[in-house]
Amino acid sequence: MLAVLVSLVSLGIVAQQCQAIVIYTGWERHALVGSDIRLSCSFFSWRWTSEDVTFSWTYRPDGSRDSISIFHYTGGEAYLDNKGPFKDRLEFVGNPGRRDGSILIKNLEFTDNGTFTCDAKNPPDIVGRPSSVRLLVFEKVPIQAGVITGAIIGVVLGLLVLIVVIYYLMRFLVARRVFSLNVSKHGKKKKEGSQQRQLWTPPPLTCYPLP
């Protein structure tokens, strides 16, 4: 029984000393060949930002199963890739004090397509799942699905509004036509009655002398 209590206390102490950290990146980024792009990475932690905070970025090209390390920040120093595919094209633009581990990739190429993964540690909060963002490099940035969906919804709504307007316009025109016919018929009947009264004349009165 004593051993169980000791184990529970130990687990409680470990849970207090080491809590989970949540890491955030974008989901997918589009960019043009020759342009620069910022890949953001931040994290949430219940602790104050530690002086020992670290950020790490890895890169996995499309079609490859292996990832390579391209950036690491630790001890207040940034270590950039100086041999790999992003040699002289990678820059650290984050602010570790504000939990920002963003990097900038310059002069993008088609071969830069791939998945970038960021990992962060804020001791004693070191338990967390790295977050990934996919980079797609194009000669021309394609129209995103959200834009197409919004355009379709806008067209459908416009057609619905047009149908409603036409419906009420037709009702108005029909009602106006019916009203005009009723007024015309009523006026015609009234005119015919007046003409009949004018055509009928009472017989002349004959006066006879009194005896």
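Every value quoted in this text rests on a predicted model; they were computed, and no experiment measured them.
- Of the inter-residue distances, the one linking Lys121 atom NZ with Ser56 atom OG reads 8.5 Å to the nearest 0.5 angstrom.
- Residues Trp46 and Val22 fall within the same hydrophobic cluster, defined by Ile, Leu, Val, Met, Phe, Trp and Tyr side chains chained together at heavy-atom separations under 4.5 Å.
- Within the 4.5 Å cutoff, side-chain heavy atoms of Ile105 are placed close to those of Leu90.
- The shortest distance between side-chain heavy atoms of Ser102 and Ser40 falls below 4.5 Å.
- Using a 4.5 Å cut-off on side-chain heavy atoms (C-beta onward), Ile68 and Asp81 make no contact.
- Two residues are said to be in side-chain contact when any heavy atoms from C-beta on lie closer than 4.5 Å; Arg60 and Thr58 fail this criterion.
- Minimum interatomic distance between Ile37 and His30 (heavy atoms only, all atoms of both residues): CD1-O, 4.1 Å.
- Note that OH of Tyr168 is 14.0 Å distant from CD1 of Ile166, once rounded to the nearest 0.5 Å.
- No side-chain heavy atom of Val53 sits under 4.5 Å from any side-chain heavy atom of Ser45.
- Here the straight-line distance linking atom OG1 of Thr49 with atom CG of Asn122 works out to 5.5 Å at 0.5 Å rounding.
- Side chains of Ser64 and Asp66: no donor on one and acceptor on the other come within 3.5 Å.
- Remark: Arg38 does not engage Asp36 in a salt bridge, criterion side-chain N to carboxylate O under 4.0 Å.
- Ring centroids of Phe92 and Phe71 are separated by less than 6.0 Å, placing the two rings close together.
- Expressed to the nearest 0.5 Å, how far CZ of Phe138 lies from CG of Leu108 amounts to 12.0 Å.
- Classified by interplanar angle (parallel below 30°, tilted 30° to 60°, perpendicular above 60°), the ring pair Phe86/Tyr59 is perpendicular.
- Linking ILVMFWY residues whenever their side-chain heavy atoms come closer than 4.5 Å, directly or via other members, leaves Ile163 and Val155 in distinct clusters.
- Counting only distance, with no hydrogens or angles, the side chain of Asn113 and the backbone of Val137 share a donor-acceptor pair below 3.5 Å.
- When all heavy atoms of Gly34 and Asn107 are compared, the closest pair comes out as CA-OD1, 3.5 Å.
- A heavy-atom distance below 4.5 Å is not found between the side chains of Tyr24 and Ser131.
- Expressed to the nearest 0.5 Å, how far CD1 of Ile23 lies from OG1 of Thr117 amounts to 10.0 Å.
- Annotation: side chain of Leu39 is in contact with side chain of Trp57 (closest heavy-atom distance under 4.5 Å).
- In terms of hydrophobic clustering, with Ile, Leu, Val, Met, Phe, Trp and Tyr side chains grouped at heavy-atom distances under 4.5 Å, Phe116 and Phe110 are assigned to a common cluster.
- With contacts defined as side-chain heavy-atom distances shorter than 4.5 Å, the pair Arg134/Asp62 qualifies.
- Distance check, rounded to the nearest 0.5 Å: NE2 of His72 to CG of Asp119 gives 9.5 Å.
- Taking the six-membered ring where tryptophan is involved, the planes of Phe43 and Phe55 are tilted, since the angle between them lies from 30° to 60°.
- The environment of OH in Tyr167 is sparse: at most 12 heavy-atom neighbours from other residues, nucleotides or ligands sit within 6.0 Å.
- Closest approach of Thr25 and Cys118 over heavy atoms only: CG2-CB, 3.9 Å.
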